[in-house]
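Read through the structure below, which is laid out as structure tokens, and then see the notes.
What you see is a predicted model, and the numbers here were worked out from it, not measured in a lab. First listed ligand is number 1; within each ligand, the first listed atom is number 1.
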Amino acid sequence: MKKLLIVAAALAAIGAHAQSYPSKPISIVVPFTAGGPTDRVARDLAEAMRKPLGGVSIIIDNVAGAGSSIGSNKVAKAAPDGYTLLVNHIAMGTMPSLLRNMPFKVESDFEYVGMINDVPMTLIGRPTLPAQNYKDLSGWIAQNKGKINLGNAGIGSASHLCGLLFQNAVATDMTTVPYKGTAPAMTDLMGGQIDLMCDQTTNTTQQIEGKKVIAYAVTTSKPLTTPALKSLPTLQESGLKGFEVTIWHGIYAPKGTPADVLAKLNTALKAALKDPDFIKKQEALGAVVVTDKRVEPAEHKKFVAAEIAKWSPVIKAAGVYAD
Ligand code: ASP
């Protein structure tokens, strides 16, 4: 009898928690530096999710480093109460293969709230590079073997994956310069400290429009429709057969977060993804907000598992790991 009462009290507490959720600010961990593409998506999403979550404050906590594994690990180990969430990207699908010592498990240490968007990448160069298009760039690469610096956001990041595939495709090793996010890498690229970088259009569109960097190509299989990016060729049509990388973002909570809280978060996510302001901001930066089934937690979980399976052999063949 005593046991039953304890169980009933515990269930009532969980129910009460879910009913009153959220009753204090929510923190979204972005595992990269502020001002970069993941940060941008998370900040815009936080603004769009605020209203459907009853106007609660949503704070962005940038916990950058080690290709997103430090910030992701913080959320994996956080209290499962819905007040600490993670926004991350394709790294959820590539970290398990790129990092030898993962401090957490992507598939079992998180509850999946849902998917946010798909984002193309662009190959960009410092403004002083003597190549104005991809054809000239490939000539410049051939002449400068051993001297080229390629920026990225650390082992396991999207820019790392894309840069890795690019080096393989052009059969040229480059010196990779890791940052804690592509925001500081972009500053150095614009300043001419590094030569090349792959990065999401959510970080590169404005710099391309402002001619602060030279844009060579997009990494998707089809050209883009965003006005600032639609004249860019794909890497495939530039001669890199089969080259295709599309970044995506999702939102996650620590394993064990109550189902009612997760349902509220998913409902708020769906509302945000239908918010015309959010859609407009994302589209202007080349991102495509996901709809329908892909937003569902179970569907997103299946998608991430498929991404892990897709990238693992590619990464193994490239032979790149980090501890
Ligand atoms: N674009 C970065 C990456 O390469 C991450 C970031 O700074 O948002 O993964």
Practice item. Any chance you could lay out the salt bridge (Lys or Arg N to Asp or Glu O under 4.0 Å) test for Asp109 and Lys77, step after step, and finish with the verdict? Key: CA-CA 8 Å; Asp109 285 349; Lys77 309 280 189 306; 5.2 Å; no

Review point. When clusters are formed from ILVMFWY side-chain contacts under 4.5 Å, directly or step by step, what else is grouped with Val218?
Key: Ile124, Val177, Tyr179, Met186, Leu189, Met190, Ile194, Met197, Ile208, Val213, Leu224, Leu229, Leu232

Practice item. Count the heavy atoms belonging to other residues, nucleotides or ligands that lie under 6.0 Å from NZ of Lys270, then report whether that count exceeds 12. Key: yes

**Study point:** Pair Lys264 + Asp260: basic N to acidic O under 4.0 Å
**Key:** no

Could you list, one pair per line, each nitrogen or oxygen of ligand 1 together with any protein nitrogen or oxygen closer than 3.5 Å, giving atom names and the distance rounded to 0.1 Å?
from     : atom 1 : to     : atom 2 : distance (Å)
ligand 1 : 1 (N)  : Thr182 : OG1    : 2.8
ligand 1 : 1 (N)  : Asp199 : OD1    : 2.8
ligand 1 : 1 (N)  : Gln200 : OE1    : 2.6
ligand 1 : 4 (O)  : Ser159 : N      : 2.8
ligand 1 : 4 (O)  : Ser159 : OG     : 2.4
ligand 1 : 7 (O)  : Thr182 : N      : 2.8
ligand 1 : 7 (O)  : Thr182 : OG1    : 3.2
ligand 1 : 8 (O)  : Thr38  : N      : 3.0
ligand 1 : 8 (O)  : Thr38  : OG1    : 2.6
ligand 1 : 9 (O)  : His89  : NE2    : 2.6
ligand 1 : 9 (O)  : Ala158 : N      : 2.9

Check your understanding: Between Asp118 and Thr246, is any side-chain donor less than 3.5 angstrom from a side-chain acceptor?
Key -> no

Exercise for review: Apply salt bridge (Lys or Arg N to Asp or Glu O under 4.0 Å) to the pair Lys280 and Asp275, showing each step before the final yes or no.
Suggested key: CA-CA 9 Å; Lys280 210 168 126 202; Asp275 178 329; over 6 Å; no

